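The structure under discussion appears below in the form of structure tokens.
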2 protein chains.
Amino acid sequence: MTGVQLRAGLANADLIAVLVAVTDNEPRVMTLRAGEALPSGPFESQHRSLQSGLRDWIESQTSHPVGYLEQLYTFADRDREAPSEAGAARRISIGYLGLVREQVTPGTGQPQWHGWYEYFPWEDHRDRRPAVLDSIADRLDSWAGADSLRRERVDFLFGQNGLPWNEDLALQRYELMYEAGLAESPSRPAIEGFGRPMTGDHRRILATGIARLRAKIKYHPVVFELMPDSFTLLHLQRTVEALSGLRLHKPNFRRQIDQQELVEETGEMSSGTGGRPAKLYRYRPTVLQAQALAGPRLPVSRH
Amino acid sequence: MTGVQLRAGLANADLIAVLVAVTDNEPRVMTLRAGEALPSGPFESQHRSLQSGLRDWIESQTSHPVGYLEQLYTFADRDREAPSEAGAARRISIGYLGLVREQVTPGTGQPQWHGWYEYFPWEDHRDRRPAVLDSIADRLDSWAGADSLRRERVDFLFGQNGLPWNEDLALQRYELMYEAGLAESPSRPAIEGFGRPMTGDHRRILATGIARLRAKIKYHPVVFELMPDSFTLLHLQRTVEALSGLRLHKPNFRRQIDQQELVEETGEMSSGTGGRPAKLYRYRPTVLQAQALAGPRLPVSRH
DNA sequence: CTCCTTATACTCTGGATGAGTACATCTGGA
DNA sequence: TCCAGATGTACTCATCCAGAGTATAAGGAG
């Protein structure tokens, strides 16, 4: 790094966005090329920060303001694309995760929204344990063979052998599947039934976004960036469930929302889709809440 | 992003590392140029991934294996450096956080280790609330003026007005200070007493690393990457305290470590620096532990 | 009017956490 | 020799919160 060990290189960099919205209780991601690619492109050089440039661009595309935008990861591995001629520059992509408010599913506009469970069908545990998990487990089983380390990893990541399912491990699950040859790669075609493939490493980038968002909603009130101005508590719950791929315990969910004082009643009632009309709520943002909600997990000595 | 809205640009990219070790209960970071800069340099283009290239480089520099290495953030804002001539390429730096085992403080070798609280003296709350906080609070107070939003932010970030101190907010604190003109910038000199300055935005990058590490040790057993092979529980506690800048409650700290079954006795005892000799422990890594230790905070409905 | 669905308010229980106390075992100096 | 000081280690106790379950209210459809 002192200029001796590392050789200088000029890198080609671009931005790549995982844009998420939740419509009809389904988490969706913005795609191009018939769902094959995430939106991406080279730098916008006018803006001061990448973030603000990206924000502008998204707003022009979706006609909704971006509620939340965060940097995900910078992808720069050598084997991201199909092998190119020697001497080609390493391709760098700076990935961003963005949240936009609920959208009416557009007709045939260029940017299309696809349900993210099309790409990761094994991640949706809302109704039941997905059936795909059995065939995945089969394949991973033979991949692991007698290697106990591999078996342990599989059991842990996919909730086998009595271990619990952990929704946050979406990225690590995908990476394991990739390693085991169950996902498309420059040298491998996609396998039927194991989720819709994408170009290059876009599916990995999407998995990164999903995992990040699933982890995030536990500490930060970012879900509200996906909600309309007013909503019922069940609607909010369904949105969280959509993202996490899990079912939640209704009374406890309400209690939590209540305790955290994140929302307030608008005074109006929902027109009611089935049963008793529900109160409508709105988000009550605070400077404090915007940042930290996680309880301290260190045994801190107060005083 | 479709090539229309965004203009192509060729970016100059390099790596920048926040390398942390804890020696003598003091968290230290590797620096160059007499503590003025973090180690950084252009890409190593031989390796498959950035990570592995960086890992090799660090090991050659510190002669210790890197226990843990994670991507921090990609810094690409326009005003990172002193204003350069128009048309200059935007500078991209991919920041990494790395942990290396305890080091004997080297003599006058090129890479020097500096205690990170030299740069952020207000972050060390182990002995007492640092005195600098008062002068910082003064300055921020006049910066906030009558703006209640600003006041709220200051109170929240710096634990004023009865609000608790939150050690995880190190980055946000620095950013607020920067915004308020209390930290060096291309157009501003450093202020005496408010921490040792660094080149460019290196101090911000260091703050990013500190914040990330402080958050991380709560969920992941990464502290052990900073420990020698065998250690006493108090030594472990002191290390966590050094990183978090807080004092912990001894009995509860031990209980936690115990319950999580992260360590096992070596059978040996410490030679004892003061009182009764302590049992020595070693880290007991497991595939499972390596990843998730956080309790689920969503009200998940089991079954 | 009855059933079904959704909304909303409780209760109960166990475990984790914050906090404090008691006692053991070493070193070093009066 | 014995005490003071420091550290190590094992408890107890109270509180809070999260998981789980139950009960009741209020709408619509037939």
Side-chain angles (χ1 to χ4, degrees), chain A residues 25 164-167 217-219 230-241 244 246-281 293-303, chain B residues 24-25 126-127 164-167 217-219 230-241 244 246-281 292-303:
Chain A
N25 298 330
W165 174 262
N166 184 341
E167 79 284 1
I217 51 175
K218 295 181 187 171
Y219 314 107
S230 76
F231 47 84
T232 69
L233 290 185
L234 185 59
H235 184 188
L236 181 64
Q237 181 179 343
R238 292 283 177 252
T239 304
V240 174
E241 289 175 339
S244 65
L246 297 174
R247 281 286 164 220
L248 305 181
H249 187 272
K250 200 198 288 193
N252 291 348
F253 180 80
R254 298 171 142 264
R255 182 176 54 191
Q256 277 222 353
I257 300 296
D258 221 63
Q259 283 173 350
Q260 318 212 128
E261 300 191 318
L262 294 172
V263 298
E264 62 190 3
E265 303 181 8
T266 65
E268 321 242 309
M269 304 290 273
S270 79
S271 17
T273 50
R276 168 178 169 180
K279 286 182 191 156
L280 286 174
Y281 291 82
L293 284 172
R297 317 200 89 244
L298 289 174
V300 173
S301 171
R302 312 206 178 287
H303 162 213
Chain B
D24 301 329
N25 298 332
R126 285 176 294 177
D127 293 338
W165 174 263
N166 184 341
E167 79 284 1
I217 50 176
K218 295 181 186 172
Y219 314 108
S230 76
F231 48 85
T232 70
L233 291 187
L234 185 60
H235 183 189
L236 181 62
Q237 180 179 343
R238 292 283 176 250
T239 305
V240 174
E241 289 175 339
S244 66
L246 297 174
R247 282 285 166 221
L248 305 181
H249 186 274
K250 201 199 283 194
N252 291 347
F253 180 80
R254 298 170 144 264
R255 183 176 54 190
Q256 276 220 354
I257 300 298
D258 221 65
Q259 283 172 354
Q260 315 210 128
E261 301 193 315
L262 294 173
V263 298
E264 61 190 4
E265 303 181 9
T266 65
E268 321 242 307
M269 303 291 274
S270 80
S271 16
T273 50
R276 165 179 171 181
K279 287 181 190 158
L280 286 173
Y281 292 82
L293 283 174
R297 316 200 91 244
L298 289 174
V300 174
S301 172
R302 311 206 178 286
H303 163 150

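In what follows, chains are A, B, ... by sequence order, proteins preceding strands, each numbered from 1. Just so you know, these numbers come straight off a predicted model, no measurement behind them.
At the phosphate of C:dT8, neither OP1 nor OP2 sits under 4.0 Å from any side-chain N or O atom of A:K250. Checking the phosphate oxygens (OP1, OP2) of D:dA25, no side-chain nitrogen or oxygen of A:R276 falls inside 4.0 Å.
Distance CD/B:E241 to CZ/B:R238: 4.5 Å, rounded to 0.5 Å. The distance from the CG atom of B:D127 to the CZ atom of B:R247 is 5.5 Å, given to the nearest 0.5 Å. The CD1 atom of B:I257 sits 11.5 Å away from the CG atom of B:N252 when rounded to the nearest 0.5 Å.
Summarising the geometry, the separation between NZ on A:K218 and C1' on D:dA18 is reported as 14 Å, rounded to the nearest angstrom. Rounded to an integer number of Å, the gap from B:D258 CG to D:dG8 C1' is 13 Å. Put simply, CG on A:L280 is 14 Å from C1' on C:dT6, counting in whole angstrom units. Remark: P of D:dC16 and CD of A:Q256 are 17 Å apart, rounded to the nearest angstrom. Going from atom CD of B:Q260 over to atom P of C:dA16 covers 10 Å, rounded to whole Å. Rounded to whole angstrom, the span from the CG atom of A:L248 across to the C1' atom of D:dA18 amounts to 13 Å. When the C1' atom of D:dT7 is taken as reference, atom CD of B:Q237 falls 12 Å away, rounded to whole Å. Atom pair A:L236:CG and C:dT6:C1' shows a separation of 16 Å (rounding to whole Å applied).
When each of A:T266, A:L233, A:T232 is paired with A:Y281, the side-chain contact (heavy atoms from CB on, under 4.5 Å) condition holds for A:L233 and for no other.
Residue contacts for B:L233: at a heavy-atom cut-off of 4.0 Å it reaches no nucleic acid atom on any strand shown. Within the 4.0 angstrom heavy-atom criterion, only backbone atoms of the sugar-phosphate kind lie near B:K279; the bases stay farther away.
Counting only heavy atoms from C-beta on, A:H249 has its side chain closest to D:dA20 among D:dA20, D:dG8, C:dA7. Closest contact between the side chain of A:N252 and the listed nucleotides C:dA19, D:dA20, C:dT8 involves D:dA20. Comparing D:dG19, C:dT8, D:dG21 by their nearest atom to the side chain of A:P251 picks out D:dG21.
Side-chain atoms of B:Q237 come within 3.5 Å of backbone atoms of B:L248 as a donor-acceptor pair (strictly under, hydrogens ignored).
Nucleotides of DNA chain D nearest to A:Q259 and B:R254 differ in position, and the one nearer the 5' end is that of B:R254. Nearest-nucleotide positions on DNA chain D place B:R238 closer to the 5' end than the other of B:R238 and B:R255.
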